Amino acid sequence: MVYEIVYFNAPGRAEILKLIAETGSVPYVFKGINKEEWPQHKPNAKYGQVPFLKVNDNFTLYQTIAIARFLAQEGGLYPTTDKIQAAESEEYVACVEELLSKLIKVFYAPEDKKEEEKKIFTEGPLKSMFGVLDKVLERNGYLIENGKLTWAELVLFDLSQTIVGMGIDISPFTNFNKLFENVKSNEKAKAYLESDRNLKKK
């Protein structure tokens, strides 16, 4: 079965979904919607939002994390045999989502306030949450103790790339380099990240 990921034809929330799908060898196609086309599609979207995943003719899944979890399960990137590891992965993904919700304030800040918001974000939520995650990554560059790549590492990797792309320094969190190496050492993840399918690359 080939799934269809629908999102704007621009970098954003769909990139983590494509990264998970490709790392887990989950067949999919990406349908990019241009901003000017969105008004005609919006009434048909369950929450008036993208992304969404067309699973089959009878079912479409909405909300980024629900889709990410589904694709991770399909691609063997979700811990299914150990409830503790599954819960642990959920914890880290929730942490990333909380941090992302705070980063959005920086993204939408007026230009004359953006540097101020970056400073607040860097010295507050980023320092606090990345500080904790950096200690976890110190062990072996993975979040889950089994030392295997899961959706949690990919979600954290994706957020890290977004933060860096916004000109925010994460170099003090040195163990994130281990995470980056682990993700990029996966041939399928590396192939996606270096391809034109990765809209963050452009």
Side-chain angles (χ1 to χ4, degrees), residues 1-75 77-78 90 93-115 117-118 121 151-168 183-184 186 188-202:
M1 180 177 293
V2 179
Y3 303 115
E4 183 177 88
I5 297 171
V6 181
Y7 190 70
F8 296 122
N9 194 25
R13 296 291 268 163
E15 300 315 304
I16 181 54
L17 304 180
K18 292 187 284 181
L19 176 58
I20 290 173
E22 297 214 16
T23 303
S25 299
V26 179
Y28 79 95
V29 294
F30 173 68
K31 180 179 179 182
I33 299 174
N34 294 326
K35 291 291 179 73
E36 56 269 19
E37 298 173 340
W38 175 233
Q40 68 190 51
H41 292 281
K42 186 175 181 178
N44 298 318
K46 189 174 183 179
Y47 303 104
Q49 298 174 338
V50 286
F52 55 82
L53 181 76
K54 290 186 178 180
V55 176
N56 55 45
D57 291 339
N58 300 312
F59 181 67
T60 298
L61 182 62
Y62 294 82
Q63 299 297 328
T64 305
I65 296 305
I67 299 169
R69 183 182 297 107
F70 176 84
L71 293 172
Q73 291 169 339
E74 289 288 284
L77 295 169
Y78 188 96
E90 294 283 353
V93 170
C95 176
V96 170
E97 282 297 289
E98 182 178 345
L99 191 55
L100 176 62
S101 70
K102 299 177 188 302
L103 180 65
I104 288 173
K105 189 174 181 181
V106 179
F107 184 81
Y108 286 109
E111 285 304 315
D112 61 337
K113 297 287 185 181
K114 199 169 286 288
E115 290 304 315
E117 290 295 340
K118 279 185 183 180
F121 175 78
W151 72 312
E153 285 84 16
L154 295 177
V155 169
L156 180 56
F157 174 88
D158 181 70
L159 175 66
S160 301
Q161 299 305 295
T162 298
I163 291 173
V164 171
M166 291 175 63
I168 297 172
V183 172
K184 293 177 181 179
N186 181 287
K188 293 174 183 176
K190 184 174 184 289
Y192 168 73
L193 292 169
E194 293 178 351
S195 75
D196 291 337
R197 299 183 300 282
N198 175 18
L199 298 184
K200 287 186 178 180
K201 174 175 170 281
K202 297 180 179 180

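Being a predicted model, the structure only gives us computed values, none of them experimental. Residues take their numbers from the sequence shown, with the count starting at 1.
Remark: the backbone N or O of E36 is not paired with any side-chain donor or acceptor of N34 at under 3.5 angstrom.
Annotation: salt bridge (Lys or Arg N to Asp or Glu O under 4.0 Å) contacts involving residues 58-67, sequence neighbours excluded, are absent. For the salt bridge (Lys or Arg N to Asp or Glu O under 4.0 Å) condition, the pairs that include at least one residue of residues 21-33, sequence neighbours left out, are E22-R197. Judged as a side chain to side chain donor-acceptor pair (under 3.5 Å), the pairs with a partner in residues 93-108 (not counting sequence neighbours) are, in order, R13-E97. Judged as a ring pair (Phe, Tyr, Trp, His ring centres under 6.0 Å), the pairs with a partner in residues 10-38 (not counting sequence neighbours) are, in order, F8-W38.
In this structure, L156 and S160 have side chains that are in contact, with non-hydrogen atoms separated by less than 4.5 Å. A heavy-atom distance below 4.5 Å is found between the side chains of I163 and L103. Between L199 and E15, some side-chain heavy-atom pair lies under the 4.5 Å cut-off. At least one side-chain heavy atom of L99 sits under 4.5 Å from a side-chain heavy atom of F121.
Atom OG1 of T23 and atom CD of E153 lie 11.0 Å apart (nearest 0.5 Å). Note that the CG atom of L77 and the CG atom of N186 stand 8.0 Å from one another [nearest 0.5 Å]. Rounding to the nearest 0.5 Å places CH2 of W151 at 11.0 Å from CG of L17. In this structure, CD on E117 lies 10.5 Å from CG on D112, to the nearest 0.5 angstrom. For the atom pair CD1 of I33 and NZ of K42, the computed distance is 12.0 Å after rounding to the nearest 0.5 Å.
For K113, there are no side-chain hydrogen bond (donor to acceptor under 3.5 Å, both in side chains) partners at least two apart in sequence or on another chain. Applying the side-chain hydrogen bond (donor to acceptor under 3.5 Å, both in side chains) test to E37 and every residue at least two apart in sequence or in another chain returns nothing. For T162, the side-chain hydrogen bond (donor to acceptor under 3.5 Å, both in side chains) criterion is met by K200, not counting sequence neighbours. Remark: F107 pairs with M166 by the side-chain contact (heavy atoms from CB on, under 4.5 Å) rule, at least two apart or across chains. With sequence neighbours excluded, the residues that form a side-chain contact (heavy atoms from CB on, under 4.5 Å) with V183 are L149, L154, F157, L179, A189, L193. Taking K188 as the reference, S25 meet the side-chain hydrogen bond (donor to acceptor under 3.5 Å, both in side chains) condition, with sequence neighbours excluded.
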Verify side-chain contact (heavy atoms from CB on, under 4.5 Å) between V29 and V2, making sure each step is shown before the conclusion.
CA-CA 7 Å; V29 294; V2 179; 4.0 Å; yes
Report, one line per pair, each donor and acceptor closer than 3.5 Å where one atom sits in a side chain of residues 59-72; sequence neighbours left out.
unit_1: Y62; atom_1: OH; unit_2: K46; atom_2: N; d: 3.3
unit_1: R69; atom_1: NE; unit_2: E90; atom_2: OE2; d: 2.7
unit_1: R69; atom_1: NH2; unit_2: E90; atom_2: OE1; d: 2.9

Enumerate, atom names and distances included, each donor-acceptor pair closer than 3.5 Å involving a side-chain atom of residues 47-54, sequence neighbours excluded.
unit_1: K54; atom_1: NZ; unit_2: E4; atom_2: OE1; d: 3.4

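Taking all atoms of both residues into account, the shortest heavy-atom contact from I5 to A14 is CG2-CB, 4.2 Å.
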